[in-house]
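Heads up, the thing below is written out as structure tokens.
Remember, predicted model here, so these are calculated numbers, not experimental data. Below, read A as the first sequence line, B as the second, and so on, with proteins coming before strands; counting in each chain starts at 1.
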Amino acid sequence: MMTVIPSDRFDSTAADSRWQARWDEARTFVADSSSNKPRTMILEMFPYPSGRIHMGHVRNYTMGDVLARARRMQGHAVLHPMGWDAFGMPAENAAMERGVHPGDWTRQNIAAMRAQLKRLGLAIDWTREIATCEPDYYGHEQALFLDLLAAGLVDRRDAWVNWDPVDNTVLANEQVIDGRGWRSGAPVERRKLTQWFFRITQFADELAADLATLDQWPEKVRLMQENWIGKSRGLKFRFDLAPSPFRGEGDSALLSGERGVPPSFEVFTTRPDTLFGASFAAVAIDHPVAQAVAAAQPAAARFIADCRTSGTAAAEIETAEKKGFDTGLSVANPLDPTRKLPVFIANFVLMDYGTGAIFGCPAHDQRDLDFARKYMLATPRVVALPGEENIPIGDEAYTGPGRLINSGFLDGLEVEAGKAAVIARAEAERWGKGTTVFRLRDWGVSRQRYWGTPIPIIHCEACGAVPVPRDQLPVVLPEDVSFDRPGNPLDRHPTWRNVQCPTCGKPARRETDTLDTFVDSSWYFIRFASQPADRPFDKAEAAAWLPIAQYIGGVEHAILHLLYARFFTRALASIGQLDAVEPFKGLFTQGMVTHETYRSTEGQWLEPGQVEKRGEGWFELLTGHPVELGRSEKMSKSKKNVVDPDAILDRYGADAVRWFMLSDSPPERDLAWSLAGIEGAARFVQRLWRVALLAQDTSPGADGALTRQLHRSIDGITHDIDRLQFNKAVARAYELANAIEKAAPSAARAEAAKTLLRLVAPMVPHIAEEAWAMLGERGLIADAPWPAADPELLVDDEVTYAVQVNGKLRETVTLAKGLGRPEVEAGVMALPRILTLMAGATPKKVIVVPDRLVNIVV
RNA sequence: GCGGGCGUGGCGGAACCGGUAGACGCAGCGGACUUAAAAUCCGCUUUUCCGUAAGGAAAGUGCGGGUUCGAGUCCCGCCGUCCGUACCA
């Protein structure tokens, strides 16, 4: 047992490191896989080792830590691990800019950040720490890749990609900003490359449908994923191409077959009911029909080239004009083959969605209408509310409900019935089929980068793409690489790529693309659950710890990471490697840490340390010049409104920082960092120490009011932590501390003070341990059982009634709990104040809400 | 445009299922202790009005309506703000 000499101040500098060392020695937070306690895994999204911990990390990890510590005290076997999402571009950028090796840079950052995290006193099982850049992690990832490949869930095919011609690499969509590479600034080219894909679309339906089972996820995130997956029901059908009846001869040459124009093309629509309103058809510029027409007609080629140069930025798309090129071809409306529709190549049709081709119904689709107005196409109305049948379509398409008109056999049907009728006819007549289309596309995982997981494939001229044999895994990244030129260093390595084909033994070459780093983060939580050397994970252990009870991280990962992880878990389950289907039972997305911004009169951003408040205004410390105070924004280097956690830890200690991170702001909202806030938190830590000292007073005696307050606090704080409402737990802790300080010495007061320590131990663990030891308690407070509220003490025998007259509060009165209506009414009507107000009048009605309120209506 | 969140004192925010609005903290003001400061402790702190005072009255949760004995909470219509997303056929 550790002896702590009572002192009137808590010294965080000494205590923090002392207790951190104690927890380490005692292996307090090493997850116990052999116990029969309920197993709970708490996880925060692992950090990218960028160099330093920032306040956002501190907030994130503090929240998870409170939960992990509370669950331990509540008798769970807890797994609360930490790792590093250690592959990625910044390491290569550092290599290019500063000549450091990405591995050295990354490992140094990890060491620095690990030390920073340890100063926070997190209840982490460091024995399970992983870094995705180490072969003992990514080697297992390569094995999983090959398993998924064997199961047909990985394939290789040509795809259009964003190509940065300066950096010589593929860019993810997110890395293309206003049509330019985010790093090089060069205009991004569209290129067709052979890429590896995870077939996430195989699970599109399940991934969408099972969102409904994730009742412990934020509604917002489920919605975002639902939209991203983008499930639409509709009709797919085929148009046969014919020469245009609208133009002269000549175009028929296009269809001679020699030109390569396909004889037909498929379109998709969610509004088959409006097919009688069609007045044109259109294909995307990358559509085979468009390409073939362009090959034959220079004007078409010019049009397509022109479309490519126009920007893809949101603002440009917003204002972009709908443009089309009339191919001179036509198609027949399948519901009435006598109606011919001209076929355009159009800039607003996307190759990536549906079939890359549409029919246009201008009356009931805004884009089609804009297009029709420009090219003078007809805009026949086919849906109308009763009485509006003859109102012509103006500049706004009608997308509302109504009945079908001008639509032959559909006339009179509601929209939904019309859709069903057209699909039924198309299927009966075999020219189309009801279909579900998803916006979600397969996940392209090839990256032309060095600092990532090598894709374990060998390309052989004779045998094709051959998996690296299992006994040759991991395929380890070579260390001797150079970054003096742009592009992928693996490609120009003198020897690494030269290997023998595992199948035929002839000279072959390694795949030099590496995996998207999102693959690394798609299964790290499974590796945390068990870490066998010879395989990625142990199925039984994974089953014991998964799904993760609570996952905590930023909302910026709402779609990509969380969707990929859901896919990966499902994919592994589908090949029998895993039992869990959903990886994250509970998800919580925490708010950002913000700080005020300051700007000098010259418009320069200033750091918090460079300014001071004097009276109402802010001034620059150095010059005394006035400073413009900006709004509180996410901490960022560019705006200089960052606060370094290390400096704060030096000055205030871990508990003050943790307490502040949990105080005031609800965890899902932004937290505004302020000097006053951290100082207030530090003051509370000292105050908690003084409250603990009160427990040294061994005066005997009871204190009913304090004991009831204590049990209300136990109940409240327990519930608040369960629901991650840390700000409320903090407020209740203050209330209890206030009550204890006001109470007279008694055994009840000593008990309340000690219990308060246990209640706040998950939030401020160092002072809790220190005080616990100072009071002579045995063992670690981290191991102490969580206090239990006595239900009998949660109810008072007296209640305060609010007494209203006509709904306005006029008086309060304390009565025994559980009185009947007549007694309550009699008691209230006899109150002097009520007698005065009533002045002898008889109430029309008296409403009595038991144990709460009386409302007298006159 | 579409989808979602939020709007309560000087500030962050509480308020179970419609029942005493403003818990708790921060800031501020006044006082105690001190040679002084820090720390600490005590008190006040939504606004306006009446009263020397004890106390009392009125208004008040973005705006306008509604339901109800009673609305921050429910309904209808707006406004503001933040986030996400977008030629998705």
Side-chain angles (χ1 to χ4, degrees), chain A residues 8-9 218-224 226-228 230-232 234-235 267-272 274 282 284 312 314 316-322 346-350 352-361 364-368 370-371 437-440 555-556 558-559 591-592 613 632 659-660 663-666 668-672 674-681 683-684 686-687 690 716 719 725 727-738 741 800-813 833 843-858:
Chain A
D8 60 350
R9 270 190 80 77
E219 179 69 28
K220 174 185 178 171
V221 174
R222 293 192 318 210
L223 252 162
M224 284 167 73
E226 195 181 317
N227 292 338
W228 185 265
K231 182 176 180 173
S232 303
L235 173 71
V267 296
F268 172 73
T269 177
T270 55
R271 292 297 302 273
T274 63
T312 51
E316 292 175 88
I317 287 170
E318 181 89 28
T319 54
E321 207 182 347
K322 306 280 178 286
N347 66 343
F348 69 96
V349 180
L350 304 176
D352 302 328
Y353 183 77
T355 60
I358 59 160
F359 79 79
C361 175
H364 305 291
D365 181 287
Q366 192 59 46
R367 292 157 306 171
D368 295 350
D370 294 344
F371 188 81
V437 159
F438 293 92
R439 197 190 91 108
L440 183 70
V555 72
E556 66 272 19
I559 296 174
M592 300 179 299
K613 191 178 183 188
S632 207
W659 189 255
F660 182 36
S663 302
D664 293 348
S665 287
E668 69 278 10
R669 284 200 222 166
D670 290 352
L671 171 76
S674 70
L675 194 61
I678 181 65
E679 290 193 330
R683 264 201 307 275
F684 175 74
Q686 291 302 333
R687 193 162 149 232
R690 292 193 296 275
H719 278 97
Q725 298 178 327
N727 58 320
K728 292 194 208 172
V730 163
R732 282 189 221 272
Y734 274 112
E735 275 174 337
L736 182 56
N738 290 346
E741 284 186 324
T800 303
Y801 275 82
V803 183
Q804 300 179 338
V805 176
N806 287 335
K808 279 194 189 296
L809 182 74
R810 295 301 176 185
E811 183 64 302
T812 58
V813 60
R833 174 131 175 79
K844 277 193 201 133
K845 194 173 175 185
V846 178
I847 287 142
V848 178
V849 182
D851 293 338
R852 268 193 174 271
L853 159 148
V854 178
N855 189 11
I856 303 160
V857 187
V858 282

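Listed nucleotides: B:rG19, B:rU40, B:rC24. Nearest to the side chain of A:Ile847: B:rG19. For A:Thr270, the listed nucleotide lying nearest its side chain is B:rA89; candidates were B:rA89, B:rG19, B:rA27. Taking every side-chain heavy atom of A:Lys220 into account, B:rC83 is the closest of B:rC87, B:rC83, B:rG19. Closest to the side chain of A:Pro666, out of B:rC87, B:rG4, B:rA14, is B:rA14. Proximity note for A:Glu735 (side chain, C-beta onward) versus B:rG19, B:rC24, B:rA89: the nearest is B:rC24.
Put simply, the side chain of A:Lys322 and the base of B:rC87 share a donor and an acceptor less than 3.5 Å apart. Residue side chain A:Arg852 reaches the base of B:rC16 through a donor-acceptor N/O pair under 3.5 Å, judged by distance alone.
Checked by atom type and distance alone, the side chain of A:Arg810 never pairs as donor or acceptor with a backbone atom of A:Val805 at under 3.5 Å.
Taking side-chain N and O atoms only, A:Arg732 has no distance below 4.0 Å to OP1 or OP2 of B:rA15. The side chain of A:Arg367 places no N or O atom within less than 4.0 Å of a non-bridging phosphate oxygen (OP1 or OP2) of B:rA86. Between A:Arg669 and B:rG13, a side-chain N or O to OP1/OP2 separation shorter than 4.0 Å is present. A close approach under 4.0 Å does occur between a side-chain nitrogen or oxygen of A:Lys808 and OP1 or OP2 of B:rA59. Distances shown here put every side-chain N or O of A:Arg222 at or beyond 4.0 Å from the OP1 or OP2 atom of B:rG3. Note on A:Tyr353: a side-chain N or O is less than 4.0 Å away from OP1 or OP2 of B:rA89. At the phosphate of B:rG56, neither OP1 nor OP2 sits under 4.0 Å from any side-chain N or O atom of A:Arg810. A close approach under 4.0 Å does occur between a side-chain nitrogen or oxygen of A:Lys728 and OP1 or OP2 of B:rA15. Look at A:Asn738 and you'll find a side-chain N or O under 4.0 angstrom from OP1 or OP2 of B:rG25.
Between the CE atom of A:Met224 and the P atom of B:rG4 there is a distance of 13 Å, given to the nearest Å. At whole-Å resolution of the value, CZ in A:Arg690 and C1' in B:rC41 are 9 Å apart. Between the CG atom of A:Leu853 and the P atom of B:rU68 there is a distance of 18 Å, given to the nearest Å. Summarising the geometry, the separation between CG on A:Asn727 and P on B:rG12 is reported as 14 Å, rounded to the nearest angstrom. For A:Ile678 and B:rC26, the CD1 to P distance is 13 Å, given to the nearest whole Å. Rounded to whole angstrom, the span from the CD atom of A:Glu668 across to the C1' atom of B:rG4 amounts to 14 Å. Counting to the nearest Å, the P atom of B:rC83 and the CD atom of A:Glu556 are 14 Å from each other. Atom-to-atom, CH2 of A:Trp228 to P of B:rA86 comes out at 6 Å; the value is rounded to the nearest Å.
Heavy atoms of A:Phe268 sit under 4.0 angstrom from at least one base atom. Within the nucleic acid shown, A:Ala676 comes within 4.0 Å of sugar-phosphate atoms alone, with no base atom in reach, counting heavy atoms only.
With hydrogens and angles left out, the side-chain atoms of A:Arg687 and A:Asn738 include a donor and acceptor closer than 3.5 Å. Side chain to side chain, A:Ser232 and A:Tyr353 meet the donor-acceptor criterion of an N or O pair below 3.5 Å.
Annotation: B:rG64 and B:rG72 have their P atoms spaced 14 Å apart (nearest Å). Here, B:rG77 and B:rG4 have their P atoms 14 Å apart, quoted to the whole Å.
Using a 4.5 Å heavy-atom threshold, the side chains of A:Val846 and A:Asn855 count as separate. For the pair A:Asp370 and A:Asp368, the minimum side-chain heavy-atom distance is 4.5 Å or more. The shortest side-chain heavy-atom distance between A:Tyr801 and A:Thr812 does not fall under the 4.5 Å cut-off. Within the 4.5 Å cutoff, the side chain of A:Gln725 has heavy atoms near those of the A:Asn727 side chain.
Base pairing of B:rU52 is not made with any nucleotide, judged by Watson-Crick or G-U wobble geometry with both donor-acceptor distances under 3.5 Å. In this structure B:rA32 sits in a base pair with B:rU40, meeting the Watson-Crick or G-U test at under 3.5 Å. Base pairing of B:rA59 is made with B:rU46, judged by Watson-Crick or G-U wobble geometry with both donor-acceptor distances under 3.5 Å.
When the nearest nucleotides of RNA chain B are assigned to A:Phe359 and A:Ile559 by heavy-atom distance, the more 5′-ward of the two goes with A:Ile559. Between A:Gly354 and A:Tyr801, the residue anchored closer to the 5' end of RNA chain B is A:Tyr801, taking for each the nucleotide with the nearest heavy atom.
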